[in-house]
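For reference, the structure discussed in these notes is given below.
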2 protein chains.
Amino acid sequence: MRKRATAKQVAEAAGVSKWTVIRAFTPGASITEESKRKVLEIAAALNYTPNLLARSLATNSTRQVAVFVDDFANPQKLPFLETLTEQLQAAGLVAMLININNHFDHVNALLHADQRQVDAIILFGTAFRDETLTDLQLGHGMPPMFVLARDSQIDGVPAVVCDAELALRDIVRHLYERGYRRPGFMSGAAALSTALRRRQHYLEFWAQHSIQNISLLSADRYSADAGAASVRAYLASTPAKERVDVLMCENDILALGAMDEIRGNFGLKIPEDIAIVGFDNYELGGSYGYGLTTYEQPREEMVRAVVSMIKGAVEPETVTLPGRLVVRSST
Amino acid sequence: MRKRATAKQVAEAAGVSKWTVIRAFTPGASITEESKRKVLEIAAALNYTPNLLARSLATNSTRQVAVFVDDFANPQKLPFLETLTEQLQAAGLVAMLININNHFDHVNALLHADQRQVDAIILFGTAFRDETLTDLQLGHGMPPMFVLARDSQIDGVPAVVCDAELALRDIVRHLYERGYRRPGFMSGAAALSTALRRRQHYLEFWAQHSIQNISLLSADRYSADAGAASVRAYLASTPAKERVDVLMCENDILALGAMDEIRGNFGLKIPEDIAIVGFDNYELGGSYGYGLTTYEQPREEMVRAVVSMIKGAVEPETVTLPGRLVVRSST
DNA sequence: TTGTAAGCGTTATCAA
DNA sequence: TTGATAACGCTTACAA
């Protein structure tokens, strides 16, 4: 059990009251330079620093934000976590990273975060069951919640997402202008609303060009291997004449796997035989070997939006932000 | 300001003292079934749950662990974070994710974690300046610290690492048995002890086979592009006859970039012209397109070791754990 | 089994 | 500017 100096001890050593000590550590408090200097000096000698835990109890604000994550397979999470922690910390907040993968009970995680008195909860791209939330929301008093990088269909829980409609419009326009006319779409495993929406808009915008006959592939996980397996099955069962001329994959990881398979195993050329589009702008996709055309989510802006709402600088409401089409050699 | 029911309120509503309420929520406390049932019932009605913040203050234990991360570019961090949060949570602990990249002051981060009264601090693969630590350690009273996935050269701060000597011995033995005799090594940017150690052991074990002439390449970042650029410069300036027959890269990301460049830009075959070895067993390296031979760190065991020490189940001391050579088609 | 008193280290508020 | 009182919601130790 390690010991720390408390304000009281510093006060005694400095010959002042403990409130004066507190003031010395409170920016802008009314205290004479003289007292402040003396207190800080003694505090340094005694190795005293304010106890944020006690402060949280007294102020009813922990300045901690729970961040729920359930899918650690998507490498895209990492830059998001970096940006998120960076902006939270810059705002004087700190992230509690809570894993809610299969091993954990979602309701319990929520309750636990609440008991820790976090100032807010961010559902970061999680497949949170909506019923779970509605149940608990009713039980009032929960910390404010936000959904990041995924749609929210829960009343009163705002989401910050990349504008899927705009994204798919840009993508399809690009593909159409490049001359592709036989599109395909590879879905990932999850029936997440965000995922479904990408496909839906893809179909919708092709339909506006009177192209309705779209090949639908599906991968059973979000991994390169699953992407490869999916495209392998497709190519193996589809005569060259009938194949798509462009395949959009729901995210970059699937796309990378598909590219490997198309070039390596089938000896086809990208984009001459089949063009490929991904989603997320995962770093490796931009490397020489791939040159994957993709769409980048406005990470900084999305995070900024959530953090602003948490800080209370902005009214909480669902925000949809435009991303950026990144054209490379795969289309 | 949201309101929560407190133990006192529940006590009044239930007609008992608040300590009885506490007992109802304390497993194994001495309380009659009758009182307990009643209290829990009223508590549920009032939406009461114990305030973990107040508990932490009273018990002097937050059950929070600060996890410092500075390099979010390495996708290997993600599975580690998943395992770490999983095991911490299973032990009743929760991770505070603290970003200490360039934007932040390391000393301050440490001080801040301390002020938050965390039970422990994990330096997860960070390039923490050792002087920083020694300074602060002296100021006693800091939470116990641990270094994960990197060597620690700081007195009293134990590390949990993958056994580099064993790893490189296995790798070099494998390469030697496969018949390779002209090895090369690509280093990443950082002068991290862990990184230097890999190269050192690589040289050492080749030397045991009387092979001393080892080509040293270096990449200026840990990214696929940097790996590609490094190998490009090498190949462009080295006649085919004089080239290495096997190139070990300090991690998988560098290796993947190198592979792309070797095959795509130079039209060489892997492993016939140049064999490649990586380190980390990053998922994409295992996909069909790469088939990268690599070495897998014993993630679960490493995390288990740290968590055991934090729980106090095991004496804190540096632990070196054996990993696993993963042989694929690139060698 | 249950209630009481004291304490954890702060902050808010008011009085001096 | 400074000091004092009460409060934050819980735990520990002890008494009833």
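Since the structure is predicted, the reported quantities are computational estimates derived from the model, not experimental observations. Residue numbers begin at 1 in each chain, while the letters A, B, ... track the order of the sequences.
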message: My understanding is that only residues two or more places apart in sequence, or in another chain, count here; which of them pass ring-ring contact (aromatic ring centres under 6.0 Å, His included) with Phe25(B)?
response: Tyr48(B)
query: Roughly, in whole Å, what's the span from CG in Asn60(A) to P in dG9(D)?
result: 7 Å
field: Rounded interatomic separation in angstrom, taking CZ from Phe25(B) and P from dT2(C)
entry: 15 Å
Gap between atoms CD and P, on Gln115(B) and dC8(C) respectively (whole Å): 19 Å
- prompt: Can you tell me if the side-chain N/O atoms of Thr20(A) get under 4.0 Å from OP1 or OP2 in dG3(D)?
  reply: yes
message: Set out, in order, the CA-CA distance, both residues' side-chain angles and the distance that settles salt bridge (charged side-chain N to carboxylate O under 4.0 Å, His left out) for Glu41(B) and Arg37(B), then state yes or no.
response: CA-CA 6 Å; Glu41(B) 189 175 306; Arg37(B) 195 192 48 69; 3.1 Å; yes
message: Just the rounded figure in Å: distance from P of dG9(D) to CG of Asn51(A).
response: 17 Å
task: Consider only side-chain N and O atoms of Gln297(A) and Gln76(A), and report whether a donor and an acceptor are under 3.5 Å apart.
output: no
Pairs under 3.5 angstrom, nitrogen or oxygen only, protein versus nucleotides 11-13 of chain C, please.
residue	atom	partner	partner atom	Å
dT11(C)	OP1	Arg55(A)	NE	2.7
dT11(C)	OP1	Arg55(A)	NH2	3.2
dT11(C)	O4	Trp19(A)	NE1	3.4
dA12(C)	N6	Trp19(A)	NE1	2.8

query: Quick one: is dT10(C) close enough that its OP1 or OP2 comes under 4.0 Å of any side-chain N or O from Thr6(A)?
result: no
message: Please check: side-chain N/O of Arg23(A) versus main-chain N/O of Lys36(A), any donor-acceptor pairing under 3.5 Å?
response: no
query: When all nucleic acid strands are considered with a 4.0 Å heavy-atom cut-off, which category describes Ser35(B): base, sugar-phosphate, or nothing?
result: sugar-phosphate
task: Grab the CD-P distance between Gln117(A) and dC8(D) for me, whole Å please.
output: 13 Å
Protein-nucleotide distance (Ile31(B), atom CD1; dT2(C), atom P), rounded to Å: 6 Å
statement: Here the distance between atom C1' of dT10(C) and atom CG of Leu53(B), to the nearest Å, is 11 Å
- request: Whole angstrom is fine here: how far is it from CG in Leu57(B) over to C1' in dT11(D)?
  value: 10 Å
statement: If each end axis of the helix from dT1(C)-dA16(D) to dA16(C)-dT1(D) is fitted on five C1' pair positions, the angle between them, to 10 degrees, is 40°
task: Report the residues that fulfil ring-ring contact (aromatic ring centres under 6.0 Å, His included) with Phe80(A), sequence neighbours left out, ordered by chain and then residue number.
output: Phe124(A)
- request: For Glu33(B), enumerate each residue passing the salt bridge (charged side-chain N to carboxylate O under 4.0 Å, His left out) test, keeping only those at least two apart in sequence or located in another chain.
  value: none
- prompt: How far apart are the C-alpha atoms of Glu34(B) and Lys38(B), what are their side-chain angles, what is the distance that settles it, and do they pass the salt bridge (charged side-chain N to carboxylate O under 4.0 Å, His left out) test?
  reply: CA-CA 6 Å; Glu34(B) 170 61 13; Lys38(B) 190 170 73 183; 5.6 Å; no
query: Do Asn101(B) and Glu82(A) meet the criterion of a side-chain donor-acceptor pair at a distance under 3.5 Å?
result: yes
query: Looking across every strand, which nucleic acid part, if any, lies under 4.0 Å from Ser61(B) by heavy atom: base, sugar-phosphate, or nothing?
result: nothing
Anything under 3.5 Å between a donor and an acceptor, one on a side chain of residues 304-312 of chain B, the other on a protein residue two or more places apart or in another chain? List them.
residue	atom	partner	partner atom	Å
Ser308(B)	OG	Arg304(B)	O	2.8

